[in-house]
Amino acid sequence: MKVKKIPQQLIPLAFLLALAVAALVIMRLVLLPETFGEYGHYRALAVDDVAALDIAYAGHQACAECHDDVYELKQQSNHRGVACEACHGPAAAHIEAPDEYAPEVPRNREHCTLCHGYNPTRPTGFPQIIPELHNPRQPCMTCHQPHHPELPHAPEECAACHRQIVNEKAVSHHASLSCTTCHDLPAEHLVDPVMVRALKPSTREKCGQCHASNADSAPEIPRIELATHGEGYLCWECHYPHQPEANR
Amino acid sequence: MNDKKPTTPRRDFLKTCATKIPQWLLVFSAFGPEQARAVDGESDYNPVEHNYAMGVDIHKCIGCGRCVDACKKENKVPEEPVYFRTWVERYVVPPEGEAHVDSPNGGRDGFPELPADREIFRTFFVPKLCNQCANPPCVQVCPVGATFVSRDGVVLVDDTYCVGCRYCIQACPYGARYLHPTKKVADKCTFCYHRIRRGLLPACVEACPTQARIFGEVGQQSSPLRRFLRFNDINVLKPALNTEPKVYYAGASREVR
Amino acid sequence: MELILGNIVNDLSKITGYIYPNEFELHWGILVVVYPYLTGLVAGAFILASLERVFDVSSLQPVYRLSLLTALAFLLVAPLPLLAHLGHPLRSYQMFLTPHTKSAMAMFGFVYAWYLMVVLLLEIWFDYRKSIVVWSNEKRGVTRYFYKFLTLGTTDISDRALRFDDKIGRIITIIGIPSAFLLHGYVGFIFGSVKANPWWSSVLMPIVFLFSAIVSGIALVIMIYMVTTMFRWKRLSMPCLNKLAELLFYAIIVDFSLELLDFVQRLYEAEESITILSQMISSRLFISLIISQIILGTLVPTISLAWARFGRVPDEMRRLMYFIAALLIQVGIFSTRWNVVIGGQLFSKSLRGLTVYKLELFGLEGALTAGLLLILPFLVLFVLTRVLPPWSAVESHVSESPV
C-alpha cells in the first residue's frame, strides 16, 4: 500500500489554518484604511489631514494688507525683521473676524525685555538694557516707538549693546581703560551700528603704547619686548584684550 | 510591502478584490470613503517637487523664546513645560570642564540670570526641533506606518493611526517627540506642514525676530537657505548616527548634542 | 492642570544635569519591564521542555508537560502589559493589518502568533491528544463536551496515529527551539537596535536576553515544580531536580559571562556616553543593578546552586537551597529587565543629565497592574493544570523509578 492516508488529526488543523488565513485576508480587505500604501507605508490621506489643520499665525503679509502704514514704518526701522505676530501674537482669528478678535498689544516692560533685557548669552552687538537700571517702571513705549524703535538719543555707553564685553573688561586688568582707548569709533556707528562698524586695532604698536618695554606708561603695567615677544603673531592672536590673561 | 517591486498576479488579484468589493462591505469599515481634501489655494501643488529643510544660525539666536511660544500656540502643543515641538537651549561653556546647559520651560519665558559664580568662556543659544531626518529612525521603528516621510520630505504623524506604543520616541536621538497627553499619540514638529502648504513660513520662523531660523528647500537656488548653506560651516546634530538631518546648524560647536 | 504643574515642578527638582524637555516623561514604564520578563519565562520554560523531547534528557520527564503549560500560561499573559501600555489599545490590530516590515516591533505580532499557534498550542495539542480523546469519553456532563471540542473531531488513537503524533511533536519541538530563541532574541533586538540609546544599542543584547530568558525559565519551572508537588502531597523527583539545578547553574554561568562581556566591552570602548552611564550605574541604578541584579540575583544563587548541587548537602537542605536560588534568580532577572528598560530612559540622550522614574501605585501603568500581570499567569497555569493535568503520565513514571 503505497498511497499514504492523510492522518486524521491534520484535517481540522488544516481547516483552522485556512480559517485564520481567510480571517486575515478579510480583515485586510475590510479594515485597510483608504489610500494606505499609495505613496509608501502610510495613509496618503494623513498628509491632507495635517495640511488641512487651521493656522493661528496669519503671516506678516496678511497684516500688511490692512495695516500698510504701520508695516511701511516698521520696514524702515531696525525692527524690519521682526514679524508683526512676534509681538502681537497669533492673528489669523483677527483676519477672519477683525471686529470680533483683536490681537494682543503687549505694553509691559517684560515683553520688550524678552529680547532686550541683558543676557550675557545674547550675541554681542544686540541692544540690551538692565531693566532695573534703565528708567525703571517706565513703559518702554514712553521713549521707544516699537514700530520704529530708533533710539531717542545715541547710546551713552558701549554697554548698551556690548554689555557682556564691558562686564568682562570691568573685572579685568583693563578695567580702567575706556573702549575707545583701543577702538576707533566712527560717530555713525551709534546711528547705524550694523553698516558702520567700530574699528579694531590692527597693529602690535597699539598695544605697545602701554606694554612695550620703552612705553611711557605706569610702571606696574606688564612690559614686553615688542620686537621679539610672540614673534610673528599679533597681540590679540594670543591675548584676549577684554580679559587679558598675561599673568596666567 | 515594498512598493517598487513589480506587481505579482496575486497582488493584482488582491487589488482587484480591494477595489471591487461591494459598497456594503465599506459600511462595516471604520474608514468610509473619504474625499481627498485640497488645501485652499494649492490645487496644482506637486509634493515631489519639494524637499523642505531649515537652517539655524546659532550666532543670531538671542534666546527670546518667541519661536517656542509661537510653536505652542500655532500647533496647540500642550502647555505643560514637558511637551515641546521646538525649544531653545542655553549653553554656558566654562574655560575648562563640561558645558552647563539649561532650557527652563523650553526657553519660552526667556532665561533666568546665571549664578554670579558661573564662569563664562563661551555662551550661546541653540534652538532645537525635529531634524526632519532623511533617514529617520522614528519612521523605521513605527510598527504600523503611523509616522512616515511625506513625499515633500517632512516627517509627519498620522494621529488617527498611531497606536501610542512610543517606540518612535525611544528611537529619536534628539528628544524631539513626546506623547500627546490627551490624544495619546506621538507628536512632533511638522515644519508647520499646514502652513508651508499654504505658502506661509513655519510659525517659529515667522516669529523669530533675528532670522536665526531660515526655512527653505533643499536644492532650491537663489533662496535664503542656499545662501546660508553657502557661507557657513554647516553641522548637523549627531551625524554619527547617520540620520541625515535636514535641520542645518551654523555655529553649533562641539558641545552641542 | 495646576496639580500636574506642581508635580512637574517637584519632579524637575530631582533631575540632575540637563535633559531634553520632552524627556521628562519616561515612556516605557513598569509594564514594559514586565513584558520582556514574561516572554523570557516563556522562552526559558519552552527550551527546558524541548531538552527533554529533542535531546532525550529523560530525568526531566516529570517537568516536561509542566514546562509546556507554564510556557503557554505566561505566553497568554505576555502581550497584556504591552496592550495596557499602548496609548490606543483598540488600534493594536493595525500591527497585523499594516505591519511595517522595517519595524522591529511590528514583527512582534507575527513572532508571537507563530510561537503561540504553531509551536506551543500545536505541540501541547499533539502531546495531549490521546488524553483528550480518553477524557472526552470518560468524563460526564459539560466537561465531556469541552474535551470533545478540544479533540477537534479527531478520535483516532490507534498506535499508528499516536506514532504520528509523537513524530510531529518532535518536529514541532525542533522548529520550536529556534522559534523560542527567535521570540526572546527578538525582544532583545527591540532594545538592542535602538541606535539612539547607547545603553540599549548593542549586538549582544538579543543574546543576553536569550540566556537570561533560559535562566529565568528554568528557575521558574523549578519553583513551580516544587510548589505544585508539595501541594499535591507527592514526592519530588530528586534526579529531575538535580538535573534542573545543574542546567540552571550552567545557564547562569553563560548568562553572567555574556553580561560581563557586554559590560567590559562598553567600559573598554568608553564611547561618548560612558561618563553619564557610569554616573547612572553608581547612583540611580546602584540598588537595582549592583545589589539586586548582580549580587543577590546572580552571585548568591550561583554559589548556592553550585554548593547545593555539587557539595555534600542533605536532600532537605538541598531542596531549600535550590528553591531560594531559584527565587533570587527571579528577583535578579526582573531587576535585569528593569535595568534595561528603565535604565535606558534614566539618562538624557543629550548625555548631560539623569532623570527619575516615578513608579505609581495605582493607575493603568502602576505597580498594582504590574503585580496583577505577574500573578495572572499563575492563575492561568492553575486553570490549565485543571483542564490538562500534566502529572497523570508522570506519576507512574516517578513511582516506577525509586527516588
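As the structure is a computational prediction, the values presented were derived from the model and not from experiment. Numbered from 1 within each chain, the chains take letters A, B, ... in sequence-line order.
- Interface remark: C:Trp200 contributes side-chain atoms only to the contact with chain B (heavy atom separation under 4.5 Å).
- Residue C:Leu90: no heavy atom, backbone or side chain, is found under 4.5 Å from chain B.
- In summary, the aromatic rings of C:Trp338 and C:Tyr357 are positioned with their centroids under 6.0 Å apart.
- Of the atoms belonging to C:Ser193, it is side-chain heavy atoms, and not backbone ones, that fall under 4.5 Å from chain B.
- Contacts of B:Ala240 with chain C are absent, with no heavy-atom separation under 4.5 Å from either backbone or side chain.
- Nearest approach of B:Arg177 to B:Thr147, heavy atoms of both residues: NH2-OG1, 2.6 Å.
- Ion pairing of B:Lys72 with B:Asp69 is absent here, as no side-chain N (NZ or NE/NH1/NH2) approaches a carboxylate O to less than 4.0 Å.
- In terms of heavy-atom pairs under 4.5 angstrom with chain C, the leader among B:Leu237, B:Leu179, B:Asn105, B:Thr243 is B:Leu179.
- Between chain C and the options B:Trp87, B:Tyr167, B:Phe84, B:Tyr178, heavy-atom pairs under 4.5 Å are most frequent for B:Tyr167.
- Among residues 106-117 of chain B, no residue has any heavy atom closer than 4.5 Å to a heavy atom of chain C.
- Counting non-hydrogen atoms of neighbouring residues, nucleotides and ligands closer than 6.0 angstrom, the CD atom of C:Glu360 reaches no more than 12 such neighbours.
- For the pair C:Asn339/C:Ile281, no side-chain contact is recorded, criterion being any heavy-atom separation below 4.5 Å from C-beta on.
- Pairing each heavy atom of C:Pro377 with each of C:Leu38, the nearest pair is CG-CD2, 4.1 Å.
- Using modelled atom types, one finds a donor on one side chain and an acceptor on the other under 3.5 Å when comparing B:Ser253 with B:Glu255.
- Both cation-pi conditions hold for C:Lys358 and C:Phe24: the charged atom is under 6.0 angstrom from the six-membered ring centre and inside a 45 degree cone around its axis.
- For B:Pro95 against B:Phe121, the heavy-atom pair with the smallest separation is N-CB, 3.4 Å.
- The choice from B:Lys184, B:His100, B:Arg166 that makes the most heavy-atom pairs within less than 4.5 Å of chain C is B:Arg166.
- Ranked by heavy-atom pairs under 4.5 Å with chain C, the list B:Cys142, B:Gly145, B:Ala176, B:Cys172 is led by B:Cys142.
- Both the backbone and the side chain of C:Leu351 come within less than 4.5 Å of a heavy atom in chain B.
- If you measure heavy-atom distances from B:Lys128 to chain C, the contacts under 4.5 Å come from the side chain alone.
- Under the 30°/60° scheme for interplanar angles, the aromatic rings of C:Tyr18 and C:Tyr20 are found to stand perpendicular.
- C:His27 is listed as a side-chain neighbour of C:Glu25, based on a closest heavy-atom distance under 4.5 Å.
- Of the listed residues (B:Pro104, B:Gly164, B:Pro143), the one with the most heavy-atom contacts under 4.5 Å to chain C is B:Pro143.
- For the options C:Met107, C:Lys195, C:Glu23, C:Lys102, heavy-atom pairs under 4.5 Å to chain B are most numerous at C:Lys195.
- A cation-pi arrangement, defined by a distance under 6.0 Å to the six-membered ring centre and an angle within 45 degrees of its axis, is present between C:Arg337 and C:Phe209.
- For the set B:Ala146, B:Ala186, B:Cys162, the entry with the most heavy-atom pairs within less than 4.5 Å of chain C is B:Cys162.
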